[in-house]
Each structure stands twice: as C-alpha cells, then as structure tokens.
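Each remark here refers to the structure printed beneath this line.
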Number of protein chains: 2
Amino acid sequence: MLSKKTKYGLKALSYLAAQPDKKPIQISEIAEKENISQKFLESILLSLRKTGFLGSKKGKGGGYYLLRSPEDISMTDVMRVLEGPIAMVPCVSLNFYETCDDCPDENTCSVHKLMLQVRDSALDVYRNNTLKDIIS
Amino acid sequence: MLSKKTKYGLKALSYLAAQPDKKPIQISEIAEKENISQKFLESILLSLRKTGFLGSKKGKGGGYYLLRSPEDISMTDVMRVLEGPIAMVPCVSLNFYETCDDCPDENTCSVHKLMLQVRDSALDVYRNNTLKDIIS
DNA sequence: TGAAAACTCTATTAAATTAGTAGGGTAATA
DNA sequence: TATTACCCTACTAATTTAATAGAGTTTTCA
C-alpha cells in the first residue's frame, strides 16, 4: 500500500508543477487545496527539499518551489525518496539490497523470481513517467 | 513491502508444487525446510485451504496438498488471497475499490494516474506467471 | 528596526498492522 | 483407541504510520 507520505508528496509536487510561474507557494496553500494536514505536509516538503527536488524561501512571500522542470523529474527518483525501495523484497532491491536470512539460495527462490519481475515492471512505469506526465 | 504471510505462503505453495507426487505433506516438514514458524505457517495454509488452493488430510500420513496443477494456479489469484489488493491505492483497485475521501476528482489526480499504470504492470506480471513458472 | 510571515526542528503519541505465541480442541487413521 | 496432525481462538510484542504539539530560527518588508 502506498503511504500517505508518498501520496501527499506526489500531490504537493503536482500542485507546484501545475503553477504558471516559479513563485514560491506557501505550505498552507498546498495543504488546504490538497486536503493535507499542514504539519504533516511540512515534514514531507522538508524531505523533498533536502533531497534536491524543492527549494524554499523564507519570510514574507516565501514558500516552496520546484528546483527543476517537471519534465526533468523522474518518478523513479521521487518514489525512492518518498516511499523507499521500489522492490517488494530487499533481495531484489537495486538501491536497498539485503540478503534474506531465511532463504538459502536466491537463484532457486520462487519468491525472488516473481518479485524480480514485479520490480522491473514497476521500474519501467516509473522511468517512463516524469512529473509533467502525470499532471496533464 | 511484501508481507511475511505472502512470502511464506508462496514458499509453501512452491514447496508443494515441487513434490514428485500428490501425497499430503506435513506442516512441520514445510516449516522446517523453508525456515518458517510452524504455528504461523499453520494459519497461512489454513487460509489457502479455505480459498480453494489446498486440500488437507487429517490423521497419520496426513498433511496439505495442491488441489490443482501448478500450471493452473495463477499468481494473480494467489497474491490477492495472501497479500490483498494488487493496487497500491484503493481508488485504482479492481477487486477492492474505494474512493479517496481526500481527492475531489480521480480523473485529474496525478497519483491516480501513476498508480493505475503501476497496477496494470503488476497485473501483467502476475497474469503471466503460474505456480509452475516460478518454481522452475 | 522590529514584527510578522514562514520555514525548521525535535519530541511525543495514537492507531493500525504485522508477525508471531500459546494453548486447547477436533477429526481421522493405523 | 491412541496417536498424529489439522483446526481454531485469543492474546501480545514490535514496528510502522500518520499525525500533533510546540518551540525556535530566519527572512522580508513596512
């Protein structure tokens, strides 16, 4: 299941991408328009800023804004930051790989085999979608 | 993330599918060979029996066995029983559909748009894999 | 220059889910 | 008829999620 954090993060990014210009948008505006708890959204936007997706401006007239164009923001990167691993098991994860302690051999593991395909198909989708693709 | 229930369920089904004949296999044997807590596995096998994947035989020489051939068991059905919805959000689920209470319009929702593709790609994988496919 | 606006950070918590554990009960077979 | 093995209910510890609270800091503009 997609976490609320990811869902809200995607909505916030989409909201910013849909703006006509690059002016900073206040957290309160995004929270209200997208029906998100403001405090929760605060922490999500903060993590998107720390990972290079958003910039922020303090003080009056401040807020958050996209650092790159929507067509340059891949869903692969966004999902990894917000949701974590794309793989459903660590033993097929590209960026968060871990061995299964209960599994003697990955190569003969049926779960491994299936989840590898699921990961690849999900990656395909994320790689073929930028922020621009999902807002139009 | 894939739940342990699903992981163990898949492993148990694979173990049964890999048997040379259709003799009942005891829970204790599967639990030991696949490194699964026996009591936990009990509850998983029970749910697979109730949903028509497994049969069981009581008494001495009893155990669990597949009711259908591995090539007739689709991963789509197995995943829905073990893991639940294949979709990552209820608003794109075929079998467990629910509206989002925070979302005014599905058709313009970027999350909806992305997750629809992810669901379809996952479904493709599950539909193209039977139990036989993942054990060989 | 100072007050308001807006971001930043830490800590806490309530609810839900997961992954088991415990223990008794029931049915079938040799 | 005793043993084997499935069946069922209830409980619980750990983890994660989704906030909530509240204080603090920085920037801007009048």
Could you tell me the separation between the [atom1] atom of [X] and the [atom2] atom of [N], rounded to a whole number of Å?
X     : N      : atom1 : atom2 : answer
A:Y8  : D:dA18 : OH    : C1'   : 8 Å
B:K23 : D:dA5  : NZ    : C1'   : 16 Å
A:K60 : C:dA6  : NZ    : P     : 8 Å
B:L2  : D:dT15 : CG    : P     : 19 Å
B:F40 : C:dA22 : CZ    : P     : 15 Å
A:L41 : C:dC7  : CG    : C1'   : 12 Å
B:R49 : D:dA5  : CZ    : C1'   : 13 Å
B:Q38 : C:dG23 : CD    : P     : 15 Å

A:K57 vs B:K50, nearer the 5' end of DNA chain D by closest nucleotide |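 This one resolves to B:K50.
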
For A:K58 and for B:I27, find the nucleotide of DNA chain D with the closest heavy atom, then tell me which residue's nucleotide is more 5'.
->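 This one resolves to B:I27.
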
Nucleotide of [options] approaching [X] most closely (side-chain heavy atoms):
X     : options               : answer
A:Q26 : D:dA19, C:dA6, D:dC7  : C:dA6
B:Y64 : D:dC6, D:dC29, D:dT4  : D:dC6
B:K4  : C:dA19, D:dA18, D:dC8 : C:dA19

So, is A:S37 close to the D:dT20 phosphate, meaning a side-chain N or O under 4.0 Å from OP1 or OP2?
->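 True: A:S37 side-chain N/O within range (under 4.0 Å) of D:dT20 OP1/OP2.
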
Does A:S56 place a side-chain N or O at less than 4.0 Å from the phosphate oxygens OP1/OP2 of C:dT8?
->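 Yes.
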
Please work out if B:L45 contacts a base, only the sugar-phosphate, or nothing of the nucleic acid, heavy-atom cut-off 4.0 Å.
->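 The residue B:L45 makes no contact with any strand.
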
Are A:I86 and B:V111 linked, directly or through other ILVMFWY residues, by side chains that come within less than 4.5 angstrom of each other?
->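 Same hydrophobic cluster.
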
Measure from the side-chain N and O atoms of A:S74 to the backbone N and O of A:T76, and report whether any donor-acceptor pair falls under 3.5 Å.
->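 Judged by distance alone, yes, a pair lies under 3.5 Å.
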
Side-chain donor-acceptor contact under 3.5 Å, A:D124 with A:S121 =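 No, no side-chain donor-acceptor contact under 3.5 Å.
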
Distance-only polar pair, side chains of B:E83 and B:S3, donor-acceptor under 3.5 Å |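 Indeed, the side chains of B:E83 and B:S3 share at least one donor-acceptor pair under 3.5 Å.
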
So does B:K7 pair up with A:D102, basic N to acidic O under 4.0 Å?
->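 Yes, charged N to carboxylate O under 4.0 Å.
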
Ignoring hydrogens and angles, are the base of D:dC7 and the side chain of B:E42 linked by a donor-acceptor pair under 3.5 Å?
->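 It does, because a donor-acceptor pair links the side chain of B:E42 to the base of D:dC7 below 3.5 Å.
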
